[in-house]
Amino acid sequence: HLEPLKKNEVGPYVNYRLETAGANSILFPGSLMDHIYRFSKGIPRLINLICDRSLLGAYVQGKDCVDKKTLLKAVREVFGEHDIRIRDRKSLKWAALILLLIVCGAGLATVYYNREPKLITTQQAVASKPKEAVPAIVKFDSLEWPSTLPIEKSKSTAYEALFNVWGLTYQNKSVGIACEQVIAKGLRCLEGKISLDKLIRLNRPAVIKLGDEKGGTYYVALKTINGDSAQCTVGGEPRNVDLREIKKRRQGDYSILWRIPPDYKGILYPGDQSPVIAWLENKLAAIQGRKPLDTKNPVYNEILVNQIKKFQQDEGIPSLGFVGPRTIIHLNNKAGSDEPKLMKKGEA
């Protein structure tokens with residue numbers, strides 16, 4: 001039995017349900033979450049009904065995502081016109097009451113001000129008023145693919161930029177063997193589809209797939225992120241782009257490089273014997289601020305499994321106890337490593 005969700009929990013809840021169902025793109029823009037919370041009051045059952053009806057409406061209209069008009073129509077279908085009008089009337093009553101209080105407060109302030117002697121001159125008031133900081137205007141570069149380059153080269157140029165971040169030379173322009181080139185360096189590729197938030201939590205430079213306005217796709221290298229700014233390489237050109245533009249264009253596909261532990265042969269399962277156990281114990285000890293335990297008997301036992309499950313749960317990754325690429329990357333991030341990062345430690 002779920003209690004009503006808070007306003008800031010509705011967005012993560014909806015996105016989690018969509019990801020669990022296999023969605024690879026943003027179906028509900030963030031601007032709609034306040035409306036979903038308003039009409040559902042945070043009740044998960046009502047959130048599910050509203051979102052389900054909204055997705056059906058978007059599908060019927062041939063839309064890639066739900067817009068406000070479709071959402072409001074779905075709400076009317078779920079609650080009925082009468083319930084919506086009642087809710088709106090209540091909202092208007094509260095708004096009118098708040099406005100009345102503001103007007104009354106302003107009137108009392110005016111009376112009080114006129115009765116008191118004006119001891120502060122205009123010049124003193126201006127001099128004592130703190131100057132407001134003027135926010136710097138950031139000019140972002142375009143994220144469009146260069147018209148002078150064949151778009152078919154986007155993937156190889158993106159991998160070349162990713163290799164450069166790691167201090168590697170991309171020796172062959174064939175993307176198919178890109179990941180084979182890094183094996184001798186103790187690195188591996190991790191590829192697939194993932195949300196941008198989870199990619200940022202992995203905190204590694206990445207090759208990502210974007211869509212253009214004509215329905216085409218191309219690849220860029222996402223190198224660093226600082227606030228709303230992202231440093232990318234597009235067709236071999238370094239660009240400072242708006243992170244929000246990446247969110248709009250991103251298709252979900254990604255590829256990153258990650259460093260394997262010594263003697264790593266593959267995913268570690270409970271009960272396995274492996275030299276990686278010593279590395280695992282050292283990382284956990286560094287994270288927990290304790291001395292490493294003796295690992296003469298290198299078995300992935302129940303004690304270590306439970307510690308890894310707890311760590312995975314804290315990091316927001318599936319807490320199954322298996323030690324694979326994502327868990328290893330998060331362990332390196334938490335314990336500290338010299339691998340290239342998307343964001344600095346204080347920003348991640």
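Positions are given from 1, in the same order as the sequence printed here.
Salt bridge annotation for R326-E315: absent, with no cationic side-chain nitrogen under 4.0 angstrom from a carboxylate oxygen. Under the 4.0 Å criterion applied to side-chain N and carboxylate O atoms, E245 and K248 are assigned as salt-bridge partners. The existence of a salt bridge linking D67 and K63 is confirmed by a sub-4.0 Å separation between a basic side-chain nitrogen and an acidic carboxylate oxygen. Using a 4.0 Å cut-off between charged nitrogen and carboxylate oxygen, R249 and E144 count as a salt-bridge pair. A salt bridge does not link E339 with R259: every distance from a Lys NZ or Arg NE/NH1/NH2 to an Asp or Glu carboxylate oxygen is 4.0 Å or more.
Using bins of under 30°, 30° to 60° and over 60° for the plane-to-plane angle, the ring pair F79/F39 lands in the tilted bin.
Residues D263 and S274 have side chains not in contact (no heavy-atom distance under 4.5 Å, counting atoms from C-beta outward). Using a 4.5 Å heavy-atom cutoff, the side chains of L268 and L280 are in contact. At a threshold of 4.5 Å between non-hydrogen side-chain atoms, the residues Q181 and T169 do not count as touching.
Interatomic distance, OG1 of T233 versus CZ of R239, reported as 9.5 Å (0.5 Å rounding).
Checking T224, D141, N226, N240 one by one against Q231, the side chain to side chain donor-acceptor pair (under 3.5 Å) holds for a single residue, N240.
Side-chain contact of Q312 with T327: a donor-acceptor pair under 3.5 Å is present, judged by distance alone. A donor atom on one side chain and an acceptor atom on the other are not found under 3.5 Å apart for N333 and R201.
Pairs passing the ring-ring contact (aromatic ring centres under 6.0 Å, His included) check and including a residue from residues 228-280, sequence neighbours excluded, read W258-Y264, Y269-F322.
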Next on the checklist: Set out, in order, the CA-CA distance, both residues' side-chain angles and the distance that settles side-chain hydrogen bond (donor to acceptor under 3.5 Å, both in side chains) for Y159 and N164, then state yes or no.
Outcome noted: CA-CA 9 Å; Y159 269 102; N164 287 339; over 6 Å; no
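For E281 (side chain) and P292 (main-chain N/O), no donor-acceptor pair under 3.5 Å exists by modelled atom type.
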